[in-house]
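Keep in mind it's a predicted model, so treat the numbers as computed, not measured.
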Amino acid sequence: MDRTVVYFRHLGELDSPEREAMTDEARARWTWLGIVEPFNFVELTPSKIGCNAFTFQRESRIYADLHGTDPYVLVDSDMLIGSDYSLAKHVALLSQYPEFAILSAMTTAPGMVIHPWTPENYQPFVDENVMEHVSVGNLRLCQKGLLKKWPNQIRSGYDREHCKALRDAGWRVGFARQFPAIHLGEGKTTLF
């Protein structure tokens with residue numbers, strides 16, 4: 001069994017009934033895959049780490065980075081991983097691409113399209129396994145300890161700020177193309 005810590009984020013008592021249902025479905029998939037073990041599946045809520053719902057995006061990342069394994073997973077509770085997902089294979093893929101700070105699952109949802117990142121004067125890395133992108137999230141496999149200073153949170157989300165800080169520090173972020181995950185909450189985000 002892989003000992004990589006999975007931090008499963010949800011708002012706990014602040015969740016809406018709809019969000020609770022998504023959380024239950026996503027948690028059940030992790031359990032079904034045998035990844036939920038006391039040593040490697042940690043549920044994070046604002047009350048557990050001592051923050052409010054707004055700052056939870058930033059503070060949960062800092063908490064996971066301080067306390068997690070290297071690498072660690074930080075996953076939102078509305079992400080339904082594929083039935084063939086392998087944490088060990090995801091970790092092995094990240095080790096093959098050490099210049100990537102984060103490799104997120106390839107997020108899918110009805111009507112959702114992830115367009116290639118096409119910045120000026122920069123050629124993002126793309127191959128059959130990995131697609132570099134400007135901002136990734138939802139189910140993140142992260143290298144530990146790469147940021148010494150975390151940017152302030154200025155909006156309800158934090159993926160953009162997190163990814164920019166990593167790029168500014170010389171790292172890449174991207175999607176692991178063979179690990180799809182369904183974003184159950186696409187277009188339904190509430191407090192985080």
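- The distance from the CE atom of Met106 to the CG atom of Asn138 is 12.0 Å, given to the nearest 0.5 Å.
- In terms of hydrophobic clustering, with Ile, Leu, Val, Met, Phe, Trp and Tyr side chains grouped at heavy-atom distances under 4.5 Å, Trp171 and Trp117 are assigned to different clusters.
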Show, in sequence, the C-alpha distance, side-chain angles and deciding distance for Arg155 and Glu161, and conclude whether the side chain to side chain contact (heavy atoms under 4.5 Å, CB included) test is met. CA-CA 10 Å; Arg155 64 182 127 249; Glu161 291 85 354; 2.9 Å; yes
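- Separating the CZ atom in Phe175 from the CZ atom in Arg140 is a distance of 10.5 Å, to the nearest 0.5 Å.
- Ile154 and Phe56 fall into different hydrophobic clusters, where Ile, Leu, Val, Met, Phe, Trp and Tyr side chains are chained together by heavy-atom contacts under 4.5 Å.
- At a threshold of 4.5 Å between non-hydrogen side-chain atoms, the residues Asp76 and His183 do not count as touching.
- Closest non-hydrogen pair, His133 versus His115, comes out as NE2-O, 2.7 Å.
- Inter-residue side-chain proximity for Arg3 and Thr69 is flagged as unmet; no heavy-atom pair is nearer than 4.5 Å.
- Considering only heavy atoms from C-beta on, Asn121 stays 4.5 Å or farther from Pro119 through its side chain.
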Could you walk me through whether Glu128 and Gln178 pass the side chain to side chain contact (heavy atoms under 4.5 Å, CB included) check? CA-CA 8 Å; Glu128 67 277 359; Gln178 69 267 38; over 6 Å; no
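- Taking hydrophobic clusters as Ile, Leu, Val, Met, Phe, Trp and Tyr residues chained together by side-chain heavy-atom distances below 4.5 Å, Val91 shares a cluster with Tyr97.
- Atom SG of Cys142 is separated from atom CG of Leu147 by 10.0 Å, given to the nearest 0.5 angstrom.
- Contact check on Arg61 versus Asp159 returns a salt bridge, with a Lys/Arg side-chain nitrogen under 4.0 Å from an Asp/Glu carboxylate oxygen.
- Residues Pro124 and Glu132 share a closest heavy-atom pair of CA-OE1, 3.4 Å.
- Using a 4.5 Å heavy-atom threshold, the side chains of Arg19 and Ser77 count as touching.
- Taking the charged nitrogens against the carboxylate oxygens, Arg177 and Asp127 have no contact shorter than 4.0 Å, which rules out a salt bridge.
- Under the 3.5 Å distance criterion, with hydrogens and angles disregarded, a donor-acceptor pair is assigned to the side chains of Arg9 and Ser60.
- Both Tyr72 and Ile49 are members of a single hydrophobic cluster when ILVMFWY side chains are connected at heavy-atom separations under 4.5 Å.
- Nearest heavy-atom pair, Arg58 versus Pro151, reported as atom, atom and distance to 0.1 Å: NE-O, 2.8 Å.
- When all heavy atoms are compared, the tightest approach of Gly185 to Asp78 is CA-OD2, 3.3 Å.
- When the side chains of ILVMFWY residues are joined at heavy-atom separations under 4.5 Å, either directly or via intervening members, Trp150 and Val136 end up in a single hydrophobic cluster.
- In this structure, CZ on Phe179 lies 6.0 Å from CG on Leu93, to the nearest 0.5 angstrom.
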